[in-house]
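First up is the structure itself, then whatever we jot down about it.
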Amino acid sequence: MTSARRKSYGVKGAPYAFLLPATILFALFFALPIGYAIWLSLHKVQVKGLGLGSGARSEVWAGLENYTDALTDSELLDGALRVLGYGAIVVPVMLGLALLFALMLDTERVRLAPFTRLAIFLPYAIPGVVAALLWGFLYLPDVSPFYFVLDKLGLPQPDLLDGGGLYTALSNIAVWGGTGFNMIVIYTSLQAIPAEVHEAAKLDGATPLQIALRIKIPMVAPSLVLTFFFSIIATLQVFSEPTTLKPLTNSVSTTWSPLMKVYQDAFGKGDIHSAAAAAVIIALVTLVLSFGFLRVANSRTKQEEAR
């Protein structure tokens, strides 16, 4: 083989050499666990006799039995309904506040903009478990300074860890922690809008409110789609907040959310096969919803471009 031919092979193989480490990591830590979860979901443990002794418990093929059981499990379905109610509060409030803060920071008259951005973003840097634990103690009437102030003022003291108030308590934790990240994404898009667009709108006599509604928000629509997409995924995967608040109240069950149900089946009941089937179903629902929303968003974008 001539040196020129070896050099040609080396140039062609260079991209694959750069992709090899990422491909190996993807296979080991993403594709392989997914494949193993699917394999577990298609099997079950068969117990012979009293289940004692070697060979009394064996893993056998179950087909779609675990999926059928998961789809008819009332605890999993109830958890999904609770998550839908939770998401109906979290997503619009969090994205609405993120958009509002981003628009306020993008104005010319704002003061201390770097400090304000950091203050809004800082809660996102706090781990979810720490944030849930912090807010959990603020919700407890016996130790919360808020309840002390309300008591001194003679105002009603709502129980945020029971009944319908629980959704407000959990939603507040998610909104407090996630608004800053979404704000940064939207604010970055606002900063990318050319200054000529703003100047032209001002020359036409547009007010700051009109500029925000008719220029800024439409131009950052892709960022709004992205943040909505991430928020939906995070909502469907809610786990740390209700799990952390569970020791503080009896209103949060061990199967409050679908992921809590998966955790309970796998490590509480020891039924890893049913847990794997439920996890695969949750992943498929997340994938379908995300893909469907992106298709709708892309179709609307193409329609607007065609106009």
Side-chain angles (χ1 to χ4, degrees), residues 69-100 123-124 128-129 131-141 144 146 156-182 224-265 268 275 277-294 296-297:
D69 294 340
L71 291 174
T72 56
D73 191 338
S74 60
E75 290 185 338
L76 184 64
L77 297 178
D78 291 342
L81 292 176
R82 283 190 287 266
V83 167
L84 288 178
Y86 165 83
I89 301 174
V90 171
V91 176
V93 173
M94 181 168 59
L95 296 186
L97 288 175
L99 178 61
L100 177 62
Y124 178 74
V129 174
L133 191 61
L134 168 66
W135 280 104
F137 281 103
L138 291 177
Y139 294 149
L140 286 176
S144 174
F146 299 135
Q157 303 174 26
D159 188 358
L160 296 178
L161 293 178
D162 189 21
L166 181 63
Y167 285 88
T168 303
L170 290 170
S171 301
N172 175 65
I173 299 173
V175 170
W176 182 78
T179 299
F181 170 79
N182 294 306
L224 293 175
V225 172
L226 179 65
T227 53
F228 182 82
F229 176 72
F230 287 155
S231 300
I232 289 295
I233 294 177
T235 299
L236 294 175
Q237 297 178 352
V238 61
F239 177 80
S240 61
E241 291 88 352
T243 302
T244 305
L245 292 184
K246 183 183 176 302
L248 305 180
T249 175
N250 294 325
S251 298
V252 180
S253 64
T254 56
T255 58
W256 191 89
S257 71
L259 282 187
M260 292 178 68
K261 166 68 175 172
V262 172
Y263 181 87
Q264 179 65 18
D265 287 345
V280 171
I281 291 174
I282 295 172
L284 289 176
V285 171
T286 305
L287 178 64
V288 170
L289 289 177
S290 303
F291 181 75
F293 177 75
L294 289 178
V296 172

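Below, each value reflects all heavy atoms present in this structure, side chains not excepted, and no hydrogens, waters or symmetry copies.
- Between the side chains of Asn172 and Tyr139, at least one donor-acceptor pair of N or O atoms lies under 3.5 Å.
- Here the side chain of Thr255 pairs no donor or acceptor atom with the backbone of Lys261 at under 3.5 angstrom.
- Annotation for Met94 and Ser231: closest pair CE-OG, 3.4 Å, computed over non-hydrogen atoms.
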_Steps toward side chain to side chain contact (heavy atoms under 4.5 Å, CB included) verdict (Val238, Leu259)_ = CA-CA 7 Å; Val238 61; Leu259 282 187; over 6 Å; no
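- Nearest heavy-atom pair, Ala132 versus Ser240, reported as atom, atom and distance to 0.1 Å: CB-O, 4.5 Å.
- No donor-acceptor pair closer than 3.5 Å links the side chain of Thr179 to the backbone N or O of Trp176.
- Considering every non-hydrogen atom in both Ala278 and Val262, the closest pair reads CB-CG2, 3.7 Å.
- In this structure, CE on Met260 lies 4.0 Å from OG1 on Thr243, to the nearest 0.5 angstrom.
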*Passes side chain to side chain contact (heavy atoms under 4.5 Å, CB included), Asp159 versus Leu161? Steps please.*
CA-CA 6 Å; Asp159 188 358; Leu161 293 178; 3.9 Å; yes
*Carefully, step by step, assess Ile173 and Leu245 under the rule side chain to side chain contact (heavy atoms under 4.5 Å, CB included).*
CA-CA 11 Å; Ile173 299 173; Leu245 292 184; 4.0 Å; yes
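- Within 6.0 Å of atom OH in Tyr124, 12 or fewer heavy atoms from other residues, nucleotides or ligands are found, so the atom counts as exposed in its surroundings.
- Rounding to the nearest 0.5 angstrom, the gap separating the CG atom in Leu76 from the CD1 atom in Ile282 is 6.0 Å.
- Between Leu71 and Leu77, the shortest heavy-atom contact is O-CD1, 3.6 Å.
- Scored by the side chain to side chain contact (heavy atoms under 4.5 Å, CB included) test, Tyr167 finds Arg82, Tyr86, Ile89, Trp256 as partners (sequence neighbours excluded).
- Using modelled atom types, no side-chain atom of Ser290 and backbone atom of Leu287 make a donor-acceptor pair closer than 3.5 Å.
- Considering CG of Leu133 and OG1 of Thr244, their distance stands at 7.0 Å, rounded to 0.5 Å.
- Closest of all the heavy-atom pairs between Ser253 and Lys246 is C-CE, 4.1 Å.
- Taking OG1 of Thr235 as the reference point, atom CG of Leu289 lies at 11.0 Å (rounded to 0.5 Å).
- Across Val90 and Val175, no two heavy atoms sit closer than the pair O-CG2, 4.1 Å.
- Atoms OG and CD, from Ser257 and Glu241 in turn, are 9.5 Å apart once rounded to the nearest 0.5 Å.
- Between the CG atom of Leu224 and the CG atom of Leu99 there is a distance of 5.5 Å, given to the nearest 0.5 Å.
- Legend: residues meeting side chain to side chain donor-acceptor pair (under 3.5 Å) with Asp162, ordered by chain and number and at least two apart, are Ser251.
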